[in-house]
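Worksheet: the structure to be examined is printed underneath.
Convention: sequence-line order gives letters A, B, ...; per-chain numbering from 1. Remember, it's a predicted structure, so these values are computed and weren't measured experimentally.
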Amino acid sequence: MSEKKVLYYLNQFFGQIGGEEKADIEPICKEGAIGPAQAFEEKLNGKAKVIATVICGDNYFNENREKAIEFLNKVNDDIKPDIVVAGPAFNAGRYGMACQGVAEFFNKKNIPVVSGMYEENPGLDESKKIAYVVKTADSAAQMRNALPVMAKITLKLLDGEVCKPQEDGYFAQGKRLTVFSEKSGSVRAVEMLMKRLKNEEFETELPMPVFDAVEPADAIKDLSKATIALVTTGGIVPHGNPDRIQSASAQKWGKYDVSKLDKLTGEYCTIHGGYDPVYANQEPDRVVPLDAFREFEKEGKIGKVYDWFYTTTGTGTAIGNSIKFGSEIGEELKAAGVDGVILTST
Amino acid sequence: MKELDKEYTLGVYKSIINEKCKINNNEFLIISNNSIVNASFENVVMVDGSFIDVLNTVKKYIEDGNTLVTHPLPASIRMMFSPVRSVILIKKDISDSQETNIKSEQDMYLNIITESIDKYKSVLGKRNIDLKNKSDYEKIDYDLTVSAVEENNFINAFKNI
Amino acid sequence: MKLELRRIHINSIEFGSETKIEGEKLIIDKESLIEELEKIPNVKSIKIDLAMPGEKTRIIPVKDVIQPRYKVEGTPGFAGVTSDVKPHGDGIVNIIEGAAIVTIGDIVGFQEGIIDMWGEGAKWTPFSKTCNIVVDISVPEGIEPHEHEETCRLVGLKASELVGLAAKGLTPSDVEVFEMGDNAEETKKYPNLPKVVYVEMLISQGLLHASYIYGVDSAHILPTFLHPNEELDGAVISGNCVAACDKITTYQHQNNAVIRELYKLHGKEINFLGVVLVPEMTTLNGKFVSCDYTAKLCKMLGADGVIISEEGYGNPDSDLVMICSRVEKLGIKSVLITDECSGWDGMSQPLTDIAKEAVAVISTGNVSHVIELEKADRVLGDPEAVANIAGGWAGAYNPEDGTMKCELNAVIGATSEIGTHNATVELY
């Protein structure tokens, strides 16, 4: 079998360009294996070679997706890889989102993609469906554990072998395939019942989805006396983004004083990386309706608009962080005596 | 025996064929796109469209406060490919007016119809609706509706005394 | 009750001058069989063909499959349907093992139900392994669908009895005894074993979606309790002819896989109390009545665990989940057996009704799983029905080589929710 071609994708840090300060670099393509791609290649036992490594800044990829994809397209045409390996991104959110972008692009071209992420990485949800994302620890110190697993799957895929999530160590893609079991359904049912009756462990064949239900608070008794706060995950920030809130996979939230403003237009813009910014930049009130609420205030429909509005970016933000932000913002609002919140998302 | 022997039957079908099923038209309505059902009952909201249009219309009626009598989906996969479907509802002015019960029941019916619409779409997938056998589906759907009315009559006989 | 099932194994069938068994060969007197069956009211004509495993034969659309048997001792036939009403469950039965009566003939144009005797399709149905006696029933003009269905049902059952006569007078060595006293007796014998009830849901919604218990249409009954021997002896028959993959054929009732498995453990690891037959009602109130009653029945019987099997797809899923959550709340542990619909790529949400109590579920396959069927040399039944499947969606049929893509939901018994076979679903 002729040697198979692997294309490797790394961010600016693992690509040995630089740290956070280089997160904006444009993608480049270097011949051969760079950084961890070298250790990865060794594990391929000569059956495949890393022909080239694409290195791209995490911020650049997330904020200039189209251009980044164009670059990948050109590399794909030049190199025609048999398989693509991206990461491992561990728990790095923006890196994970970039790997997701890489996976989506090559998936459309029917080229398999292997990656590695920690279970909380926000890029995981979508990439695991279309790529083989190996389960990794949350820190890059575990690189030498992740690479061999990724290499093994890569070789299996190149050989045309079927991979299984439990055996091969990757996150299940969510595909439910009908296969034949050794035992008939009735036998399996009776065995499962016996395990339950004996309080032994068993594994269901059809897991029920888990829903995280949030109990709504009591209704506001008198809206005309209520203080309403505006909160958004639409990434609306003052011009210049003074607090440097990320465009994706937000690590923080911000709060800004709007007590003297009748509308956000003119003073605010959007830095959200997940939607077309044109209309939000023209009139940020479309995302955070301060103008409408000032009118309600004047008409007496609500008591008043809270002085501060809170903002962050929703796209690619980890569930863990979202819960943290929500609790922190909620505490402040409660302490301030706010009665209700308008939460806008996009 | 080559000729049709109408006197021979094990079941109770005669009562169904000979006698139109009784359905209280002030209480019930049937949402359907089945011409046989339309011709056999009064108070049919005739939907001009396909199975999914019937389901969507049922959803609107539930949002409007009417309650479900029959489950929106049929019991066999093959019937999901039918071009026709009939669903029986109780008119909103008639249903129990206990304030506390209404909201949670309303939620339950909304859940049922929303899940039914999702399930219908996922089972149908990219399949074509079976228009070729439309008249057969109409007969079966009509019969299943009659069956449901009978069942309802057994259970809800004295609801509004 | 004590039921002795004696099996005479055959592996081939031929037509001959007398209906009898010679060694492992079943011989059928075709003319006499047809003559007898044509006596049934509203039968215009009967055609009988044979389909052996491995032949490139396709049978479609299948109405029902019945196992040919001869009752040596005890209530003969199918009480309440082909014979007088008497209890089933006691006696001696001679079974022609390896043979099956398959009735075909569409009552409505859209019936599916394929049995392929070879190739890919054969892997998915248990009836590709039986020697099939295919009975095609024609009825006179002007017949109503109800009468048509009833006629086909009677012909199938009668045919199984007539062919079963071949087993008369034989004493095979393969004997299986099903013996179980009433609940009080058994509990006295095994006071410490956990009590298990089998809850079997039956489709009960009307024409072509019916089941019969001692001839009683299950559509307007409350859940009912049966001794497992009764079902093994023919008390439950199928009138369900539309859904193919999860339909419980009469053959499968006669050989109910869950009952057989539970029986094996009775007295050793469990105290098998019996079977609760649950009608799947159409109306929501009907479902509440049925599910509440079932849970109560299980509780009153003292069940520690139940296995719940479903028949059908779509609205019965809500009954399945309702019964599960009710029994779990009463402290009874449940295991559900159901098929699922996860789309062609397996990525869709399998069940829309969910209850967090349904923690133990056996999946018997994805009904939308697509398989490829080769062209058959011989088609027994209606070629139009083949066109129904082939026309299922664009690209389903390849006119060049005659192969068809077909979803599992068209194959008889493919995702049988009483677990008769080995299909399951794995997560990839």
Checklist entry - Passes side-chain hydrogen bond (donor to acceptor under 3.5 Å, both in side chains), B:Ser35 versus B:Glu138? Steps please. => result CA-CA 7 Å; B:Ser35 53; B:Glu138 285 189 330; 3.1 Å; yes

Checklist entry - Where do C:Gln205 and C:Asn315 land on the side-chain hydrogen bond (donor to acceptor under 3.5 Å, both in side chains) test, with the steps shown first? => result CA-CA 11 Å; C:Gln205 305 206 345; C:Asn315 87 51; 3.2 Å; yes

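Both the backbone and the side chain of C:Leu207 come within less than 4.5 Å of a heavy atom of chain B. If you measure heavy-atom distances from B:Tyr120 to chain C, you find no contacts under 4.5 Å at all. Of the atoms belonging to C:Ile203, it is side-chain heavy atoms, and not backbone ones, that fall under 4.5 Å from chain B. With a 4.5 angstrom heavy-atom cutoff, C:Asn240 does not touch chain B via any of its atoms.
The candidate from B:Thr114, B:Asn111, B:Thr70, B:Leu124 with the greatest count of non-hydrogen atom pairs under 4.5 Å with chain C is B:Thr70. In terms of heavy-atom pairs under 4.5 Å with chain B, the best-connected choice from C:Pro316, C:Gly312, C:Ala410 is C:Pro316. Most heavy-atom pairs under 4.5 Å with chain C, from the set B:Thr145, B:Ile140, B:Asp130: that is B:Ile140.
Residues C:Ser211 and C:Ser238 form no side-chain contact, since every pair of their non-hydrogen atoms from C-beta on lies 4.5 Å or further apart.
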Could you pull out every donor-acceptor pair under 3.5 Å between side chains of residues 55-65 of chain B and any protein atom, sequence neighbours left out?
| unit_1 | atom_1 | unit_2 | atom_2 | d |
| --- | --- | --- | --- | --- |
| B:Asn56 | ND2 | B:Ile52 | O | 3.4 |
| B:Thr57 | OG1 | B:Asp53 | O | 2.7 |

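Judged as a side chain to side chain donor-acceptor pair (under 3.5 Å), and not counting sequence neighbours, C:Glu35 has no contacts.
Judged by the 6.0 Å and 45° rule, C:Arg153 forms a cation-pi pair with C:Tyr212.
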